[in-house]
Each structure stands twice: as structure tokens, then as C-alpha cells.
Amino acid sequence: MSNLLENLNPAQLEAVKTTEGPLLVIAGAGSGKTRVLTRRLAHIVVERKAEPYQILAVTFTNKAAGEMKERVSELLGGGVNSLNVSTFHSFCARFLRNESHLIGYDSNYTIFDAKDAQTVVKNCIKELGLSNTQFTPKAQMRKISECKNKLISSYDFAKSASGYFEDATAKIYSLYERRLKECDAMDFDDLIYNSVLLLKNHETLGAKYRNRFKYLMVDEYQDTNHVQYLLMQYLLGAHNNLCVVGDEDQSIYGWRGADIRNILDFEKDFPGAKIIKLEQNYRSTNVILDAASAVIDNNEARKGKKLWTDQQGGDKIQLLLVDTADEEAVEVVKTIYNKQVTTSLKDTAVLYRTNAQSRAFEEQLRRQSLPYQIVGGVSFYQRKEIKDIMAYLKLIVNTKDDVAFERTINYPKRGIGAKTVSDIALIARRETISMYEVIQKIDDYPEFGARAKRIKPFAVLIEKYRTEKKAMAIDLMTQDLVEDINLIEELRNEDKIIGQTKIENIEAFIEGVAEHVKKNVDAALETYLAEISLFTDLDAYKEIDDKVTLMTLHAAKGLEYDTVFLVGLEEGLFPLGQATMDPMALEEERRLFYVGAPRAKKRLFLSTATTRYRFGEVESIPSRFIKEVPSELVEKKDRRHNRRYGTGSHSNQPVQQSFFNRKPAMASSQPEGVHYEFEENEIMKVGRIVAHPTFGRGRIVKVDGMGESLRLEIMFSGIGLKKILAKYAKLKIVG
DNA sequence: ATTCCCGACGTTTTT
DNA sequence: CGTCGGGAAT
């Protein structure tokens with residue numbers, strides 16, 4: 001197995017061979033980080049320093065964990081199942097399955113996703129009688145999450161809270177915690193938070209795990225937050241064998257509590273730590289690296305590192321200037337289309353700052369019949385129909401899960417209205433039992449009259465599957481359940497067209513369960529649910545298909561493509577909104593650019609539009625990041641119809657443009673500063689034939705309002721009458 | 001209980 | 001254009 005140490009540059013070799021004591025590996029983009037991590041792990045095993053199960057390696061995504069596991073397994077000649085390579089969240093979830101009884105949780109506790117958690121917060125705000133405009137679930141959830149990431153309990157928070165707003169948040173936080181506990185549920189943050197508390201407060205437990213793991217490794221260390229940092233501290237035994245790999249310049253999760261100090265202070269935290277820098281890049285051309293380096297050089301908070309490559313030169317970076325987001329998509333797709341001959345589609349990616357930007361590209365790619373896939377956005381497991389069926393399964397596993405109860409009790413319809421549900425909730429609170437328990441004993445509560453009859457079958461149904469899940473393969477059980485509740489029928493009735501895709505999703509879900517069963521005979525529903533609760537869309541992504549990939553910059557981390565289009569480089573979009581005002585946030589945006597650019601191996605395209613719709617139509621000015629790229633590395637392509645603005649010039653007079661008046665304006669190449677005040681109705685009048693991106697062709701039958709609030713009623717062939725707000729619908733006039 | 005219509009909101013990034 | 005909540009109609 002001596003080949004473990006072959007084909008490594010000196011720094012990489014050093015990192016692989018340094019197995020003892022604290023080690024920080026600073027790994028620039030494309031510097032062979034994964035190679036080092038996997039070789040190092042395999043090296044420890046081969047040298048018999050530890051058994052595979054005594055090594056713990058943590059990453060952030062399931063995908064990264066899966067890859068690492070696979071590659072280590074290959075290096076070791078396969079068949080090694082006992083490797084502990086997992087994400088922070090899944091490691092903790094498993095840990096808690098074994099140990100959560102110590103904090104009063106059942107081992108079959110439920111994991112609430114972000115949306116479930118927010119629903120609970122919303123209910124708490126309502127229950128406390130607080131104004132839901134002053135206290136939005138989103139903002140409160142964020143504060144709670146922030147606390148948990150810093151290991152601040154609701155109790156601690158309440159103690160230090162001052163003023164009306166903080167007091168209210170404290171109340172929401174503690175009620176939220178109580179509700180979670182009552183549901184036997186944890187949110188994402190709890191998984192790590194509770195694990196840390198357990199290790200901290202139960203000395204014997206801590207000792208057990210510290211004894212067990214002889215080597216710890218953390219990938220993407222720059223993205224760890226405080227609790228994650230603590231988790232590693234509590235797992236780290238006296239041997240001090242902690243290896244962290246990261247790159248402070250790639251820290252892009254500050255908004256999720258990632259604490260860049262973890263990596264910056266590593267030497268302070270672990271005296272005598274060895275530091276190895278991997279600075280040779282094996283991925284991108286010199287041009288691309290120079291551009292990325294030049295931009296990141298504008299940041300203050302960094303250790304300083306210089307990436308280099310021996311691939312000299314390379315294609316210049318193409319800067320594309322266009323008028324609108326739509327034309328940006330047209331130009332990008334045109335370029336992809338022409339490049340197909342030289343670059344296969346699977347080696348091409350379009351990266352953007354926000355998911356909302358994907359639409360225009362999707363539309364154009366579809367128009368050109370170029371296959372594409374979107375990574376991220378609405379994940380499969382977040383779709384309504386999937387969450388619905390999962391809610392049934394969750395309730396079957398954990399009847400205390402009131403969120404699942406409320407989701408399933410009247411879907412598909414059983415004639416149980418809001419009133420009955422809130423009555424059930426009230427009694428559940430009063431008796432401190434779960435909502436499900438209330439309906440099980442419904443006859444005991446005189447509050448329910450004849451209505452109770454309608455609820456009973458639901459309890460019978462759930463009980464049936466609680467028994468069935470013990471005796472039956474879970475894929476067959478799920479299939480049964482779907483038939484039992486008539487879900488397919490229900491979906492078909494809701495909407496003919498949309499229903500069909502939902503039905504397909506349900507079928508795909510069942511297929512997924514079946515696959516899981518194939519891999520794990522006797523698979524338990526409990527563990528399967530736990531697993532998929534931590535899945536993301538990213539994890540399913542494979543680069544096998546020959547498709548163009550569309551995703552956010554965040555999602556692109558760790559991936560690489562021959563050709564990359566970095567789009568929407570405009571002030572306010574990238575860097576995004578508030579970040580332009582806040583220096584720290586701006587640095588994070590800059591790091592995001594630094595993460596994104598070297599995703600390109602050979603060719604990098606940047607693009608900017610001069611107008612873009614974001615909350616009304618606003619004029620965009622080019623991103624400062626464009627100016628930070630040395631101009632000799634850039635080739636400019638101006639595809640604007642109306643070149644009123646230079647690349648860097650600012651127009652202090654925003655041009656009021658709506659979708660409708662823009663078209664004629666462009667055609668007639670107007671001089672600067674002209675306002676195009678068309679009477680929209682001139683164009684959008686009854687009888688006109690228009691094309692809608694999703695509904696197809698249709699005829700305008702009614703026009704209402706004007707300007708921003710112009711409303712149209714359009715009769716679409718095959719679909720029917722639709723009411724549409726013209727401001728948003730991307731309509732084209734056809735006749 | 002359910003359905004439908006209106007207005008008000010909203011967009012970062014994700015385990 | 002989505003989702004959500006409120007309120008009225010059925």
C-alpha cells in the first residue's frame with residue numbers, strides 16, 4: 001500500500017504523514033484537498049495506528065461524506081464499512097439515537113426541518129398573543145438558531161434579555177423549546193446543540209467517546225460554528241489528534257453562524273499545532289486563478305496565501321454586457337449552444353447568487369432544447385406532496401409529532417375543520433398530552449359531539465400502520481399507506497396537470513424507499529426517516545448526465561467544470577443588497593466570488609445586465625468585483641442594444657421601465673435620459689395574442705388597471721382563463 | 001367545513 | 001408570480 005504516499009507534492013505528502021497532534025491544513029481551491037484527506041485517513045489505517053471505527057471524519061454535506069467514504073474504501077481495497085465519515089448533523093443524529101434518553105428524548109425522536117420548525121415558532125408567537133408583524137416567525141427562528149449555535153439555552157437567554165423585544169424573544173424561545181420537547185422533536189440546530197450538552201454534562205459519556213475516537217478530522221473547517229467547534233473539543237481525547245482542513249478565503253456560511261475565528265485562531269486554540277499550506281492549484285488556468293486572487297486580495301481578514309499553478313496562460317475571461325436578465329440568459333445559452341462541439345454539456349455550469357435567477361436560464365435552455373439540471377432550489381423532500389406522505393410516516397413512528405398530526409389529520413380531506421383541530425390542540429395543551437392521544441381518547445372529551453365519529457377512523461388508520469411497520473417491509477407499507485389514504489386519487493382530482501407530476505413524485509418517493517430496502521434488508525422506518533430528514537437536493541446531484549448544471553454559488557463549492565458562467569455580477573445582487581453597506585458582509589460576498597471563479601477549469605465567463613427586475617424594476621450597475629479583476633485578463637463583449645452606460649459609469653437617473661415599454665425603447669436606440677412613458681394598454685389590449693412562458697399562447701380577454709398593477713385576463717388554449725399580473729408575467733406579444 | 005377571492009407580503013445563501 | 005392569511009360566500 002505504499003502508493004498511498006505516491007503522486008503527492010511535498011506539502012500534500014507532509015499533511016498525509018502528519019498523523020499525530022493538532023494539524024491545520026490550509027487548502028486553497030483545487031489544491032487536492034480531498035486527495036490529502038482520503039490518503040491521510042487510509043494511511044492511518046494501513047499503518048495500524050487505529051482501526052477504521054476509531055477514526056471520525058466530519059464534513060458538511062452528505063455528498064462530500066459519501067465521496068470521501070468511497071475513496072477511502074477504494075484506497076483500502078474495499079469492504080470497509082466501519083468508517084465514521086459523516087456530516088456533523090448525521091453524526092449527531094446517530095449519536096442522539098443512542099444517548100438522547102439521558103435528556104428525556106425517545107430514540108425515535110423526530111427531526112423537524114426548517115419549515116416545520118418555523119411553523120412551531122409561528123404557533124408560539126400566536127399562542128403568546130404577540131403581534132406577528134412585530135415578531136415574524138422567520139426573524140425569531142433566526143434568533144433562536146443563533147442562540148443554539150452559540151450554546152445559549154432559552155433559560156440563559158431569558159436571564160440576560162432586556163427590554164420588550166428581547167423579553168418577547170426569550171418567551172418565544174422557551175415556549176418553542178417546550179413544544180419541541182413535547183413533540184419529541186429536534187430541529188437541525190438541536191442535533192448538534194444537544195449532542196454537545198450531553199457530552200459536556202455527562203462525564204462518563206464524554207469519556208466513552210473520547211476513548212473511542214483516536215483520530216478526528218474536520219473538512220471545511222472555516223464553515224464550522226461555535227457549537228460544532230465545541231463538539232469537536234468534547235470528542236477530542238488526550239491524544240490531541242485533530243486534523244482540520246479549510247481555507248479562510250472560502251468561508252461563505254457566516255450567515256449560518258460559521259465562525260471564521262475557528263480557523264484563524266487554530267494555533268491559539270491548539271498550541272503546538274502544525275500548519276501546512278496547500279497552495280498549488282491543479283484545476284484552473286493561471287488566468288482564472290489570477291483573477292480570483294486579485295479579487296480576494298481586497299479582503300482584510302485573511303491569513304494570506306497565494307495560489308499558483310504550472311498551467312500558464314489560458315483563455316481570457318469573457319465579460320458579457322447585456323441589457324436585461326433575459327438577454328443575459330439568451331447570450332449565455334447561445335454561447336453554450338455554440339460551444340457544445342468542444343465542451344460537453346456536463347462540463348458546463350451556470351452559477352448565480354440567488355435561486356431566483358435560474359428561471360431565465362431555464363427558459364432559454366428549454367427553448368434551445370439543451371438538457372439541464374438545477375441543483376438546489378426546492379428540494380425533492382421539501383415538495384408539498386412528499387412532505388405530506390412523510391408526515392404520515394413520521395406520525396406513525398412518533399405519535400407525539402403534532403406538526404405531522406396537523407398536516408395529516410385533514411389531508412386528504414376527512415371533514416375535520418380548523419375549529420376541531422384547534423379544539424384538539426387546546427385539550428392536548430390542557431392535559432399535556434399529544435394531539436394524537438386526544439383523538440385516541442376522543443370519547444372521554446365531551447367537547448366533541450357527533451364530529452368525533454369522523455376522527456376515529458384516522459386513529460384506527462395510524463394504529464394499523466404502527467402495527468404493520470413491525471411486520472412489513474417499509475416500501476410495501478408505504479405503498480399500502482398511499483393506497484389506503486387515496487392520495488393518488490386526491491392529487492388527480494386537485495389538478496389534472498400539476499397532479500400528474502405530484503403523482504410521479506410520490507411514485508419516485510416510494511421507489512426511493514424500495515431502493516433503501518434493497519440496500520438494507522430489514523430497514524427500519526425510523527432510521528430511514530432520520531436519514532432522509534437530513535438529505536438535501538445537493539446530495540442527489542450527479543455529474544453523469546450530459547446536462548448543463550444550474551446552481552447557486554454556495555451549492556457549487558467543491559465542484560469543477562471546464563466552462564463556468566458566473567452571472568448577475570451587479571451591485572446589489574452580487575454583492576447582494578445589504579452586503580454593499582456592511583464591510584464584513586462584503587468580504588463574505590467577495591469570498592463567494594473567490595469560491596465561484598475557480599470552479600472553472602478552462603473558461604470563465606462573467607456577465608452583467610444593466611437592468612434587472614428585483615422588487616420592481618431597478619437599474620443595475622456592474623459589480624465592483626468586475627473592476628477588481630485586472631483588465632488585462634478580461635475580454636469584453638458588449639451585447640447591449642443601447643450603450644448608454646459604460647462598464648463602470650453610474651447613472652444617477654434610474655430609468656423607469658416596465659417590461660412592455662422596454663421592447664420598443666430598445667429598438668429605437670434612444671438618446672440618454674429619455675423616459676418611455678407608454679400607455680401600456682396600447683400594447684396590452686383586448687384581442688391581442690400573447691405568449692406566456694409556462695401557459696403558452698393565449699388571447700387577452702380583459703385588461704384592468706395600468707402600470708405596475710396592470711392586470712390581464714388571458715384565455716390560454718388548453719389551459720383556460722388565467723388572471724395575471726402583467727408586472728411579473730413574462731409576456732411576449734405574438735399577434 | 002370548504003371553497004374562493006382578495007390583499008399583502010416577499011428574495012440571499014442551506015445543514 | 002408564489003404563498004399566506006383573512007373573510008365572505010356556499
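Computed from a prediction, not measured in an experiment: that's the story for all the values here. In what follows, chains carry the letters A, B, and so on, assigned in the order in which the sequence lines appear, proteins first and then strands, with residues in each chain numbered from 1.
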Give a yes/no on whether any side-chain N or O of A:Lys138 is located under 4.0 angstrom from OP1 or OP2 of B:dT11. yes
For [X], check salt bridge (charged side-chain N to carboxylate O under 4.0 Å, His left out) against everything at least two apart and list the hits.
X        : value
A:Asp116 : A:Lys387, A:Lys394
A:Arg599 : none
A:Arg94  : none

Measuring from the side chain of A:Arg359 (C-beta onward, heavy atoms only), which nucleotide among B:dT14, B:dT13, C:dC1 has the closest atom? C:dC1
With respect to the side chain of A:Leu576, which nucleotide from B:dT12, B:dA1, B:dT13 is positioned closest? B:dT12
Nucleotide N/O to protein N/O under 3.5 Å, stretch nucleotides 2-4 of chain B:
from, atom 1, to, atom 2, distance (Å)
B:dT2, OP1, A:Gly415, N, 3.2
B:dT2, OP2, A:Asn410, ND2, 3.0

Residues that A:Arg142 engages under side-chain contact (heavy atoms from CB on, under 4.5 Å), provided they are two or more places apart: A:Trp255
Quick one: side-chain contact (heavy atoms from CB on, under 4.5 Å) partners of A:Thr119, sequence neighbours excluded? A:Asn123
Under 3.5 Å, which N/O atoms of the protein pair with N/O atoms of nucleotides 3-6 of chain C?
from, atom 1, to, atom 2, distance (Å)
C:dG5, OP1, A:Lys122, NZ, 2.1

The criterion is side chain to side chain donor-acceptor pair (under 3.5 Å); which residues satisfy it with [X], sequence neighbours excluded?
X        : value
A:Tyr411 : A:Glu494
A:Asp423 : A:Lys419
A:Thr408 : none
A:Thr59  : none

Is the base of B:dT13 stacked against the aromatic ring of A:Trp255, taking ring centres under 5.5 Å apart and planes under 30° as the test? yes
Please list, pair by pair, any protein nitrogen or oxygen found under 3.5 Å from a nitrogen or oxygen in nucleotides 8-10 of chain C.
none

By nearest nucleotide on DNA chain B, pick out whichever of A:Thr59 and A:Glu589 is the more 5' one. A:Glu589
From A:Asp187 CG over to A:Met141 CE, what is the distance, rounded to the nearest 0.5 angstrom? 5.0 Å
